[in-house]
2 protein chains.
Amino acid sequence: MRAGSNPVMHSEPSRGGKGAAILAAARQEFLGGGFGAVSMDVIARAASVSKATVYAHFTSKEELFGAVVADMSERYFRGFSASELDPVDVAASLTTIARRFLELVLSPEAVALNRIIIGEVSRFPALGEVFWQAGPERSRVQIEIFMRRAAAAGTLAITDPREAAEQFASLVRGEIHLRHLLRLEPVHAAASADAAASAVATFLRAFGHGTGAPAAG
Amino acid sequence: MRAGSNPVMHSEPSRGGKGAAILAAARQEFLGGGFGAVSMDVIARAASVSKATVYAHFTSKEELFGAVVADMSERYFRGFSASELDPVDVAASLTTIARRFLELVLSPEAVALNRIIIGEVSRFPALGEVFWQAGPERSRVQIEIFMRRAAAAGTLAITDPREAAEQFASLVRGEIHLRHLLRLEPVHAAASADAAASAVATFLRAFGHGTGAPAAG
DNA sequence: GTCTATACAGTGATAGAC
DNA sequence: GTCTATCACTGTATAGAC
């Protein structure tokens, strides 16, 4: 797994053995219960070290929490890309993008991360920006790039690629994302596929050529 | 203000003076800081009563929190309706719906409520359902009713009014809602109006007659 | 019902030995 | 660096007087 190969982390704990174990334990505990419900005692026990060792690596609970969030934000949204998709076969490509996007934002780890950031952003105002840049903004940029290629290829009637990417992401995310944040969804893969399909259909009705023209007009 | 005229609350504290004051103080504090960051001491002081009095009205901090959330969920989404809007002038009516919807979900109180529920839903699993039914579900039903009327009037080419209402709400909510949850938006009224307008435009391109046909096809 | 005073558990953080 | 033991403090919750 090699959790320590990422130089982006700002707190830079000595990442041999214990440091990584503490970060991993903190990640697990914080993701499950949030900031307030988890004590340093619990984290120390989960990492099989003493509390003093935790404080040898992180100067405070706040810093440990921030390190967990920054690390996860960076980790979980890195793989999203649409660069190899064909802008001519726009229906298939948009469907692939929608599925990848949902798979990412509905994954238990991403939902838990999103949840604790939203819940603690009043106490840690900087975390909102960190998450936004690493997550939604990055994926929107990827989608926007595809929109530009499709517009250039003449397969999408788009004038504002940025807005189109936003709207596509919003349609795909739909209400299922909020339902996951609220712990209301049984996490059905079929529901995700349906949501992706109907979002793509509606988007193509608005911006596609040929397939999406109104039936009567 | 008469905060005690609502019989829906389940905990039923004696709502003369002190009970209402405690609930109001708890609402204010919880909305600002979440569950973990607020102590019963602070709530008692904010309500100008002793801690023992708080416990005379609410048996625990958890119950007080639940009462606040249930009360607010009920209170803040009651007014949303689209019943008087004209389904023939669909562009104007959808714009009005979009503005009302954004005004509601982006209001500081609604955002704060949404935030603390998402943050504490792991500790209070029931709150997610309470909020969903009182908020997103209720507004979606109102939008769906309008969609049915517009479909019947022939002004929208909709086959699944429920799905159309969901997608319209998702388009309107866009990314601005998540940005508010993450405390990233300076809360500009102009940004809301723009978001509403572009969401309506895209929705009409997909489901409207005449005005939304693709330019070249 | 409402207060003052307090019991008691648990918290974040640290001292000092090794 | 890592541990055990402990600090000072705050938290929720309650007893007892009025």
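Per chain, numbering begins at 1; letters A, B, ... match sequence-line order.
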Identify, with sequence neighbours excluded, every residue that meets side-chain contact (heavy atoms from CB on, under 4.5 Å) alongside [X].
X	value
B/D86	B/V88, B/D89, B/S93
B/T53	B/I22, B/V49, B/S50, B/H57
B/E163	A/S198, B/D160, B/Q167

Legend entry - A/T53 vs D/dC3: side-chain N/O to OP1/OP2 distance below 4.0 Å: yes
Legend entry - Residue-level proximity of residues 35-43 of chain A to DNA chain C when a heavy atom falls under 4.0 Å: A/V38, A/S39, A/M40
In whole Å, what is the span from the [atom1] atom of [X] to the [atom2] atom of [N]?
X	N	atom1	atom2	value
B/E62	D/dT12	CD	P	9 Å
A/Y55	D/dT6	OH	P	19 Å
A/H57	C/dA13	NE2	C1'	16 Å
A/F58	C/dG12	CZ	C1'	16 Å
B/E63	D/dT12	CD	P	15 Å

Legend entry - Distance flag, aromatic centroids of A/F131 and A/F124, threshold under 6.0 Å: no
Inset, instruction - Can you figure out which of D/dA13, D/dC3, D/dT2 approaches the side chain of B/K51 most closely? - result: D/dA13
Legend entry - A/A52 or A/K61, whichever maps to the more 5' nucleotide of DNA chain C: A/K61
Legend entry - side-chain hydrogen bond (donor to acceptor under 3.5 Å, both in side chains): pairs with one or both residues in residues 107-118 of chain A, sequence neighbours excluded: A/N114-A/H177
Legend entry - Residues in ring-ring contact (aromatic ring centres under 6.0 Å, His included) contact with B/F146, at least two apart in sequence or another chain: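 If we apply the ring-ring contact (aromatic ring centres under 6.0 Å, His included) test to B/F146, skipping adjacent residues, there are no hits.
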